[in-house]
2 protein chains.
Amino acid sequence: MFFVTEPNTKPWTMQQIADAAGVSVTTVSHTMSGKRPVNPQTALRIKRLIDEFGYVPDAGARRLQSGRSRMIGLAVPDISNWYFGRIARGAEEMADELDYGLIVCSTFNSDPRREKRYFNMVRTRMIDGLVYTAGREMNEMNELEKVALSSPVVLADEGINRLSSIPWVTSENFEGGRLAGAHVRELGHTKAVIIGGFAGLNSTVERVAGIREFFPNALVLNGDFEMQSGYDLVGDLLANDVRFTAVFGGNDLMAIGAIKRLREAGLRVPEDVTVVGFDDVEIASVITPALTTVRQDVVSIGRNSARLLIEGLEAGTFEGTSSVILPVQLVVRATSGPLAPDPRR
Amino acid sequence: MFFVTEPNTKPWTMQQIADAAGVSVTTVSHTMSGKRPVNPQTALRIKRLIDEFGYVPDAGARRLQSGRSRMIGLAVPDISNWYFGRIARGAEEMADELDYGLIVCSTFNSDPRREKRYFNMVRTRMIDGLVYTAGREMNEMNELEKVALSSPVVLADEGINRLSSIPWVTSENFEGGRLAGAHVRELGHTKAVIIGGFAGLNSTVERVAGIREFFPNALVLNGDFEMQSGYDLVGDLLANDVRFTAVFGGNDLMAIGAIKRLREAGLRVPEDVTVVGFDDVEIASVITPALTTVRQDVVSIGRNSARLLIEGLEAGTFEGTSSVILPVQLVVRATSGPLAPDPRR
DNA sequence: CGCATACTGCAAAACGCTTTGCGCATCACA
DNA sequence: TGTGATGCGCAAAGCGTTTTGCAGTATGCG
């Protein structure tokens, strides 16, 4: 008797509950919302019926009338990516705590069509506001700008310079770069390369700037945050006989790809080359040797983004809302160390 | 002039478009839906205005009237988990191709409150149907059953015996177990242990049964699919002096945890112990030594689930819809091999 | 010229809910 | 008993769409 055989049974309406209880819909509505007192006996009877029928008010009708859906959206480049998954997790936690629903959507790495679709979700009032996570240089920047003009939007993970008036949540990227740079510098390294993320991202720019406080001339290559690109870029460096004793990864994945490539070239980590990542993904502590990295609290990015958005929503304005910058932390493990004498050198 | 300063501007209504074009809303509506012919000139004028105003029809009102939202939901235990992220990715792809929207929600490992919330999303008609992914033994099984009674539900990844009439999508788990078992058997191993997933899951039961075709007496321990539990369970085995030369992981993460623990105990992989995983996560090919595993096409699970659901939705019934079982594939890498003489033995 | 036959557009009725304006009891207090 | 306050329920007016029944204007054809 599942849907298999019995299609779309009509759900109960509030009117039917009212009829069954012998009252008007007004009374049922007030019983549910508590916005006006209702005779305790009547209320009890109504509540019983609601339970019995399994009645749930229609979301669309409710929204239509009240103007709010108590739903927010989260747009990320790719939900299957660990990093964005964590953000989603955090946002969902916070939304839940504040009694909002969260709708997660992938823009498939900023596919303009998808982005438009999600921006429209706030336009169609399906959601009350949007947390947007830029994956790279934005395609539909203008669209975002337009949406933000009249609806609440918060930027997670990446601030966008042009859109400076939109609240955002991110990590101390510059400081993270500094921490990594200082650590490697102290180990005595002088020649370093940076496998950064997308060049257009603030986070990339800031991390690089932080590292360069200690390695002013470090070569910067830009990858796409995937393991493979770390692998490939180190391959390019080796093929060009670039000399370096330290590699900074724009994230852990690229750092891990780099390590793989270094090893295949017969280089030892950390004896010959020190490698430092960024993020502290779960796997970082498991690979051999365990990865030295800069930990950021990705879940918190999600949590705070959702919080900012919902607070703005309830307040009706972002006036006075200030962006959030979360602390990072250097985690020293086994891929960083002083230069060891090369047995072959 | 962002939302920061200018709260909730009212969106345009169809009436306003109609007024501006000097026609009635009927004409505007028909222009948009194409359900009745409209004078080309009038239509053009209306379309121009729609673009100019940036008008988008209200989703709630539309749903209220038409009865369908063209949105489906996907409930997974934890969106930040790689595995479920892949499923979400696949479902989202397919939904997009079929011009549906997808709403992804975490049940936070079957938190009853959350589950209820998502089941209610289909009750409130916010979504037209639901793809449900069980993470472990289900808590709100009865709820699911009730929902499935009147609304389209598809099970992804895990079939549920009691709910055999609900369509489901999964991998050839039994065959996967057999492949792994046969491979390890051929390498000459005779003593194996299985670090399985949750005991209550069909997939776990089937994989174990497949392996046991070749290792009838293999000890089975149940983990939670996380790396740590693979690590811990192997620790228990070692502490109890259990003798084995092969470990089957219920997934790659647990296999990787197991390897870590084995190494810490001074055992070599694969010389002393062969380890085989399940899934073929990205990291499996990167760790050293690279992991031998059974590959399943997780994205396809998501894709097919969404497809089944939407097809049922459009057809108005699941009559004739048959469940999907996807093929798996053994990927032999470096963690499996014949037993090598232990130098210390 | 007269009568079907499109072709277009309008008014109005839902859809299921929230909220407001009223009115009828009931009650307290003088 | 009169007066004001309070409690509680009803009817009805939207909210922004889609869809249906009608009607007015052309057009085609004998």
Side-chain angles (χ1 to χ4, degrees), chain A residues 8-47 49-50 53-71 120-128, chain B residues 8-47 49-50 53-71 120-128:
Chain A
N8 273 348
T9 313
K10 283 245 172 181
W12 298 107
T13 70
M14 188 178 274
Q15 183 64 61
Q16 290 173 291
I17 302 291
D19 290 349
V23 298
S24 75
V25 288
T26 314
T27 310
V28 178
S29 178
H30 284 137
T31 309
M32 297 188 75
S33 70
K35 293 205 176 177
R36 271 211 335 215
V38 174
N39 183 310
Q41 283 202 2
T42 319
L44 184 62
R45 185 153 37 95
I46 292 174
K47 281 182 186 152
L49 284 166
I50 288 177
F53 283 46
Y55 165 76
V56 177
D58 181 287
R62 191 169 224 177
R63 223 274 310 127
L64 186 55
Q65 172 62 27
S66 71
R68 335 207 108 285
S69 64
R70 294 196 74 82
M71 286 272 159
N120 271 350
M121 289 186 66
V122 13
R123 288 222 183 85
T124 63
R125 306 281 140 168
M126 162 141 283
I127 54 181
D128 293 340
Chain B
N8 272 349
T9 312
K10 283 243 173 182
W12 299 107
T13 70
M14 189 178 273
Q15 183 64 62
Q16 290 173 292
I17 302 291
D19 290 348
V23 299
S24 75
V25 288
T26 314
T27 310
V28 178
S29 178
H30 284 138
T31 309
M32 297 189 74
S33 70
K35 294 205 173 173
R36 266 204 347 208
V38 174
N39 183 310
Q41 283 203 359
T42 319
L44 184 61
R45 186 154 36 97
I46 292 175
K47 279 182 187 154
L49 284 166
I50 288 178
F53 284 46
Y55 165 76
V56 178
D58 181 287
R62 190 169 226 175
R63 222 277 307 128
L64 185 56
Q65 172 61 26
S66 72
R68 335 205 109 286
S69 65
R70 294 195 74 80
M71 286 273 160
N120 270 351
M121 288 187 65
V122 12
R123 289 221 183 86
T124 63
R125 306 281 139 168
M126 163 141 282
I127 54 181
D128 293 341

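Quick note on labels: first sequence line is chain A, next is B, and so on, each numbered from 1.
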Select base, sugar-phosphate, or nothing to describe what [X] touches, counting heavy atoms under 4.0 Å on all strands.
X	value
A:S33	nothing
B:T26	base
B:S29	base
A:R36	base

In whole angstroms, how far is the [atom2] atom of [N] from the [atom1] atom of [X]?
X	N	atom1	atom2	answer
B:H30	C:dA11	NE2	P	14 Å
A:Q15	C:dC15	CD	P	11 Å
B:D19	D:dT17	CG	P	12 Å
B:M126	C:dC17	CE	C1'	14 Å
A:D58	C:dT18	CG	C1'	13 Å
B:L64	D:dC15	CG	C1'	9 Å
B:I46	C:dG9	CD1	C1'	10 Å
B:N39	D:dT25	CG	C1'	12 Å

So does [X] get a side-chain nitrogen or oxygen closer than 4.0 Å to the phosphate oxygens (OP1/OP2) of [N]?
X	N	result
A:R62	C:dT18	yes
B:T42	C:dG9	yes
B:K35	D:dT18	no
B:T27	C:dG9	no
B:S24	C:dG9	no

Practice task
Using a strict 4.0 Å threshold on nitrogen-to-oxygen distance, state whether B:D128 and B:R68 make a salt bridge.
Solution key: yes
Exercise for the section: Evaluate the side-chain proximity of A:M71 to A:R63: yes if any heavy-atom separation is below 4.5 Å, no if none is. Expected result: no
Handout entry: Test item: A:T31 and A:T42 side chains (from C-beta on) under 4.5 Å apart, heavy atoms
Key = no
Problem - No-H, no-angle donor-acceptor pair, B:Q65 side chain to D:dG16 base, under 3.5 Å - result: no
Fill in the blank from the handout: Of D:dT17, C:dG16, C:dC10, the nucleotide closest to the side chain of A:A61 is C:dG16
Fill in the blank from the handout: Heavy atoms of A:A61 and B:L64 approach each other most closely as CB-CD1, 3.7 Å
Fill in the blank from the handout: For B:R62 and B:P57 the tightest heavy-atom approach is NH1-CG, 3.3 Å
